Amino acid sequence: QVQLEESGGGLVQAGGSLRLSCVASGRTFGIYYTGWFRQAPGKEREFVASISWGGGGLAYADSVKGRFTVSRDNAKNTVFLQMNSLKPEDTAVYYCALSRVLATVQSRYDTWGQGTQVTVSS
């Protein structure tokens with residue numbers, strides 16, 4: 001069993017930046033892919049970005065392309081989401097999750113963190 005914990009959320013003004021971290025701990029079988037999702041109040045959870053643990057496989061939602069960057073540090077069992085040029089519409093709870101394959105849909109991810117709140121003010 002693998003456990004995930006997100007951190008790095010907070011309050012930031014529009015145009016600012018935040019870096020989220022997703023730390024994996026516990027038993028891991030095989031190589032996982034890590035995805036970032038977000039959920040705003042009253043809305044469904046949506047895909048943000050993903051990265052392969054083996055390296056090279058990247059995907060971004062159109063809404064964050066050019067602003068967000070996903071990266072990893074396997075030595076620390078950590079995946080990062082660097083968020084620049086933040087907009088109020090980026091406000092949401094951000095979750096990281098693991099999948100056996102690179103995917104953009106929630107159903108392909110079977111392990112989730114508890115989420116970290118990101119609030120972008122105007």
Side-chain angles (χ1 to χ4, degrees):
Q1 290 291 316
V2 180
Q3 293 179 307
L4 303 179
E5 183 173 4
E6 305 94 335
S7 62
L11 175 64
V12 64
Q13 294 187 33
S17 299
L18 286 173
R19 189 178 75 163
L20 306 184
S21 298
C22 173
V23 179
S25 61
R27 181 179 293 183
T28 301
F29 296 100
I31 300 176
Y32 287 18
Y33 299 80
T34 304
W36 287 97
F37 291 79
R38 65 187 182 186
Q39 187 167 23
K43 297 185 178 180
E44 295 185 350
R45 193 169 300 180
E46 64 177 352
F47 171 80
V48 176
S50 65
I51 185 171
S52 63
W53 280 93
L58 300 171
Y60 295 94
D62 288 341
S63 60
V64 305
K65 286 181 179 178
R67 299 189 299 120
F68 291 10
T69 302
V70 64
S71 61
R72 68 191 184 102
D73 184 346
N74 285 346
K76 298 181 179 180
N77 296 316
T78 303
V79 171
F80 303 98
L81 183 67
Q82 178 66 47
M83 306 187 296
N84 299 325
S85 301
L86 283 163
K87 305 174 181 179
E89 51 263 43
D90 294 318
T91 295
V93 176
Y94 283 71
Y95 301 87
C96 64
L98 300 182
S99 173
R100 299 290 181 172
V101 298
L102 185 64
T104 61
V105 296
Q106 292 187 54
S107 62
R108 306 300 293 272
Y109 292 81
D110 47 38
T111 302
W112 295 79
Q114 84 289 344
T116 184
Q117 176 71 48
V118 172
T119 302
V120 184
S121 65
S122 300

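On a predicted model such as this, the values are computed, not experimentally measured, just so you know. Numbering starts at 1 and runs along the sequence shown.
- Remark: Y109 engages F37 in a ring pair (Phe, Tyr, Trp, His ring centres under 6.0 Å) (not counting sequence neighbours).
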Please set out all donor-acceptor pairs under 3.5 angstrom arising from side-chain atoms of residues 10-23, sequence neighbours excluded.
residue : atom : partner : partner atom : Å
S17     : OG   : N84     : OD1          : 2.8

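- Of the possible donor and acceptor atoms, one in the side chain of S52 sits under 3.5 Å from a partner among the backbone N and O of G57.
- In this view, K76 satisfies the salt bridge (Lys or Arg N to Asp or Glu O under 4.0 Å) rule with no residue, not counting sequence neighbours.
- With a 6.0 Å radius and a threshold of 12 heavy atoms from other residues, nucleotides or ligands, Q3 has its CD atom at or below the threshold.
- Scanning both residues, S50 and A103, for their nearest heavy atoms gives OG-O, 4.0 Å.
- For the atom pair OG of S25 and CG of N77, the computed distance is 8.5 Å after rounding to the nearest 0.5 Å.
- Taking the side chain to side chain donor-acceptor pair (under 3.5 Å) definition, one finds that R108 meets it with nothing, sequence neighbours left out.
- The backbone N or O of V93 sits nowhere less than 3.5 Å from a side-chain atom of R38 that would complete a donor-acceptor pair.
- Side-chain contact between W36 and V70 is present, with at least one heavy-atom pair separated by less than 4.5 Å.
- L58 contributes atom CG, which lies 9.5 Å from atom OG of S71 (distance to the nearest 0.5 angstrom).
- Between T111 and Q1 the shortest side-chain heavy-atom distance does not fall below 4.5 Å.
- Between T116 and G9, the shortest heavy-atom distance links the atoms OG1-N, 3.2 Å.
- Annotation for V101: hydrophobic cluster partners, listed by chain and number, are none (ILVMFWY side-chain heavy atoms under 4.5 Å, direct or chained).
- Nearest heavy-atom pair across F47 and A59 is CZ-O, 3.8 Å.
- Ionic pairing of K87 and D90 is not present here: no N-O contact between side-chain nitrogen and carboxylate oxygen is shorter than 4.0 angstrom.
- Within the structure, ring-ring contact (aromatic ring centres under 6.0 Å, His included) contacts touching residues 58-102 (residues at least two apart or in different chains) do not occur.
- E89 CD: more than 12 foreign heavy atoms inside a 6.0 Å radius.
- With T91 contributing its side chain and V120 its backbone, the two residues share a donor-acceptor pair below 3.5 Å.
- Across L98, L4, T78, L102, a single residue satisfies side-chain contact (heavy atoms from CB on, under 4.5 Å) together with T34, and that is L98.
- The main-chain N or O of E6 is found under 3.5 Å from a side-chain atom of Q114 such that the two form a donor-acceptor pair.
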Quiz item: Hey, mind stepping through R45 and Q106 against side chain to side chain contact (heavy atoms under 4.5 Å, CB included) and telling me if it holds?
Solution: CA-CA 8 Å; R45 193 169 300 180; Q106 292 187 54; 3.2 Å; yes
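- No hydrogens or angles considered: nothing links the side chains of R100 and Y33 as a donor-acceptor pair under 3.5 Å.
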